[in-house]
Amino acid sequence: MYEQVSHSLLNDILIGLDPKVDSNDLKHFYIRLGANFYAIHSLFHQLYGDRRDFRLQMHKLVEVMAKQYTNRSSELRQSDLAREKDHDWFLSQKLAGYALYCQEYADSIHGMHSKLDYLQELGINLVHIMPLLDGPKGRNDGGYAVRDFRKIDSKYGTLKDLDNLSADMRSRDMLLVLDVVVNHTSDEHEWATKARKGQKKYQDYYYTYTDRKIPDLFEQTMPEVFPETAPGNFTWNAEMEKWVMTVFNDFQWDLNYKNPAVFIEMIDIILFWANHGADVIRLDAVAFLWKKVGSTCQNEREAHLILQLMKDCCQVTAPGALFIAEAIVAPVEIIKYFGEDAVNAKECEIAYNATFMALLWEAVATKKTILLEKGVRSLPTKLDRATWLNYIRCHDDIGLGFDDNDIREAGYDPQLHRRFLVDYYTGQYPASTATGVAFGRNEKTGDARISGSLASLAGLENALLIHDEAATAISINTIILLHSMIASFGGIPLLYYGDSIGTLNDNTYLSDENKHHDSRWVHRPRLNWDNAEKRHVEGTVEYRIFHPIKKILAIRKQIPAFADLNNREMLTISNPHLFAFLRFTSSGIHSRVLVVANFDTAAQTLELKDLEAVNVFEHTQVRELYTDKVLSTRHGQLVIPPLGFYWLQL
């Protein structure tokens, strides 16, 4: 919209642009800037309007956006235009994601080229390569403590290597996902180094204090993220003679977004990586972006304003790039990272569906779907132009962030049920076959989270150890069932490296001085490519897992009802072991698909009379899309195999 104050300022800014920037073809940039500037100005003013240098900072922001637009290749600009015309392109059922550590998966960025064939064989076309940026050895939080935001860590390769890889991926129609850690830097970052040496400009990039007065006020309401390894939220720096906020680890300094220079630096970095081929930018730890005394310093309104401003700036310079919100918070909060009071996403187009992930693991442990159904029904409806990343495992731990009211309604005591789940997945519960490891145990509260590979948590490690074929089959069926859920629920299924061949826990981290304190390294192994080759050998565990998952992804891509268009209806059925929902679209084949999953190790009966209200069965037989078999409904029942699933075409 046109608004005189903001557009008068815009005119002044454009007149004052660096002539080198202004000499480039900026037609599309000017159009997008004009369309978005009122929103950009309004958000920037809400955050920084009380500063005397507000106009100067606005000028710097626009100059950064223009500079990065001129740096954007013609190929990427053409991609931007195509995605603007097909603006729902990322909601397609044809997307399937995969998250990996570059060194553990392929040794280096260069080594990734030869490993893309494996991903394409599986059906993957979106690849999240976890942190590649330069960081200290050891004290780097798995790459999330960044020392240089514009430099690839030499152990992975070079920026040129990444450019070559992104070009190779584009030629294969594969999307590249890269991380930008927006909440903090390594304490060895140039900004932190200059802050330690007394430069006030860079001390203002962080939260630094000469005494404990303000830190103590913060600590009254701030929770501890890692109570075992990083208690408290502040660290004394002797060289600087100040306390600095360190929410995650003492070597990760939290950035101060109350300083507009920090925002401008970070938008410059985000656009830098978009220009180097990142189709999707994963924004790490977004829930922590704004700190306020008297609050938990999570999910603050200003954090959302920052993300809206980042999105608006990116839409001007690189509108084809998407944002992922890495915000592992309660459902009522996570939905806000798509953007509140909007129809289309105004912050991040994609968010992790951590609640669905945790609910799936709860159903595996209890073999019942009561809490799963209640928890899914409690998920707020997402925006139209937004989607979930549905995953089973990732590089991080499993948190049990269910809603306490849902747990009670499912018939459990919240504290006791979470303790049961931790005991179950760490093998402490008598009937459990899981071999996970506790993470982040809080001795004060007894709370803990769970580490472990998918296969080990599903009991495969234990089954292979005791050479129990029946237990092995149960574990494999569990793995396949879980993948069927993330493929059909609505969103982008995101597989974790190694899961498609049954990779087990890796306990070698215990002998590494830089890793032994962090149990999450148990599920961050080097991928065994000799084991991966066994996917071609019929009868092996790798074959029995890889090919069903490959088939799930291939069939998913053929079912338009699996596109994520807010087109899912949850169904209530009487059998507590079954989970059912309807996916639908307006036209075409497979326009209505009933998904039914059995989380029990025994076959379960679906009574079709439970579904009369939605009129899903009009005939005496139905086609199951995964097996391509025709099933009879003549007797008013369907029997769902143990740990099995049906995708029924209606």
Side-chain angles (χ1 to χ4, degrees), residues 224-229 328 354-355 357-372 375 392-402 404 406-408 410-468 470-479 481-482 496 499 502-511 515-525 577 599-601 643:
E224 295 174 319
V225 175
F226 297 135
E228 278 186 312
T229 57
I328 311 304
T355 300
M357 175 274 299
L359 289 167
L360 288 173
W361 283 111
E362 191 276 344
V364 169
T366 62
K367 299 176 177 55
K368 294 182 179 180
T369 61
I370 302 169
L371 182 56
L372 172 59
I392 309 163
R393 288 301 294 116
C394 67
H395 71 287
D396 226 334
D397 56 277
I398 299 173
L400 305 175
F402 319 116
D404 282 359
D406 289 340
I407 299 176
R408 292 187 188 96
Y412 307 115
D413 174 271
Q415 185 176 6
L416 293 178
H417 197 56
R418 289 191 179 93
R419 188 170 299 168
F420 154 72
L421 291 171
V422 172
D423 288 347
Y424 184 92
Y425 283 112
T426 56
Q428 303 303 306
Y429 188 74
S432 171
T433 60
T435 51
V437 185
F439 173 77
R441 192 180 291 279
N442 189 327
E443 298 301 335
K444 301 174 188 174
T445 64
D447 292 337
R449 306 197 290 274
I450 300 160
S451 296
S453 75
L454 166 58
S456 292
L457 292 173
L460 184 59
E461 183 175 337
N462 183 71
L464 295 176
L465 181 66
I466 63 176
H467 305 288
D468 186 331
T472 299
I474 287 173
S475 301
I476 290 173
N477 288 338
T478 300
I479 293 168
L481 171 64
L482 291 172
Y496 186 58
D499 284 356
T503 298
L504 305 177
N505 283 347
D506 176 15
N507 291 309
T508 60
Y509 81 98
L510 292 169
S511 59
K515 299 177 179 178
H516 68 88
H517 62 281
D518 187 342
S519 68
R520 292 174 299 178
W521 287 104
V522 78
H523 56 256
R524 300 172 181 174
H577 304 286
F599 281 80
D600 197 16
T601 53
L643 295 169

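Remember, predicted model here, so these are calculated numbers, not experimental data. Scope of the values below: all heavy atoms of this structure, side chains included, with no hydrogens, waters or symmetry mates.
The CG atom of Asp499 sits 4.5 Å away from atom CG of Leu454, with the distance rounded to the nearest 0.5 Å. Taken to the nearest 0.5 Å, the OG atom of Ser451 stands 11.5 Å off from the CH2 atom of Trp521. The CG atom of Asp600 lies 10.0 Å from the OG1 atom of Thr369; values are rounded to the nearest 0.5 Å. Between the CZ atom of Arg419 and the CG atom of Asp447 there is a distance of 8.5 Å, given to the nearest 0.5 Å. Within the model, atoms CG of Leu510 and CG of Asp518 stand 11.0 Å from one another, a figure rounded to the nearest 0.5 Å. If you take CG on Leu359 and CG on Asp406, they are separated by 8.0 Å, rounding to the nearest 0.5 Å.
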**Request:** Apply the test side-chain contact (heavy atoms from CB on, under 4.5 Å) to residues Arg418 and Asp404: give CA-CA distance (whole Å), side-chain angles for both, the deciding distance (0.1 Å), then the verdict.
**Result:** CA-CA 10 Å; Arg418 289 191 179 93; Asp404 282 359; 2.7 Å; yes

**Message:** Apply side-chain contact (heavy atoms from CB on, under 4.5 Å) to residues Thr478 and Leu482 and explain how you reach the verdict.
**Reply:** CA-CA 6 Å; Thr478 300; Leu482 291 172; 4.1 Å; yes

**Prompt:** Going through the checks in order, is the side-chain contact (heavy atoms from CB on, under 4.5 Å) test met by His523 and Leu457?
**Reply:** CA-CA 10 Å; His523 56 256; Leu457 292 173; over 6 Å; no

**Message:** Checking Arg393 against Ile398 for the side-chain contact (heavy atoms from CB on, under 4.5 Å) test, could you report, in this order, the C-alpha distance in whole Å, the side-chain angles of both residues, the deciding distance, and whether it holds?
**Reply:** CA-CA 8 Å; Arg393 288 301 294 116; Ile398 299 173; 3.4 Å; yes

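The minimum heavy-atom distance between Leu460 and Ser475, with the atom names listed, is N-OG, 3.2 Å. Heavy-atom minimum distance, Val225 versus Arg449: O-NH2, 3.7 Å. Residues Thr426 and Ala438 approach most closely at CG2-N, 3.5 Å, considering heavy atoms. Contact between Tyr509 and Val437 at its shortest, heavy atoms only, is OH-CG1, 4.3 Å. Smallest separation of non-hydrogen atoms from Glu362 and Lys368: OE1-O, 4.1 Å. Looking at every heavy atom in both residues, Asn462 comes nearest to Thr433 through CB-O, 3.4 Å.
Applying the ring pair (Phe, Tyr, Trp, His ring centres under 6.0 Å) criterion to Phe599, with sequence neighbours excluded, gives no partner residue. Remark: Ala410 engages Ile370, Leu371, Lys374, Tyr412 in a side chain to side chain contact (heavy atoms under 4.5 Å, CB included) (not counting sequence neighbours). For Ala365, the side chain to side chain contact (heavy atoms under 4.5 Å, CB included) test picks out Phe420, Leu421, Tyr424, Tyr425, with sequence neighbours left out.
At least one donor-acceptor pair closer than 3.5 Å links the side chain of Thr472 to the backbone N or O of Asp468. One N or O on the side chain of Ser456 and one on the backbone of Asn505 form a donor-acceptor pair closer than 3.5 Å.
Surrounding CZ of Phe226 are more than 12 heavy atoms belonging to other residues, nucleotides or ligands, all under 6.0 Å away.
Taking the charged nitrogens against the carboxylate oxygens, Asp506 and Arg524 have no contact shorter than 4.0 Å, which rules out a salt bridge.
Between His417 and Thr366 the shortest side-chain heavy-atom distance falls below 4.5 Å.
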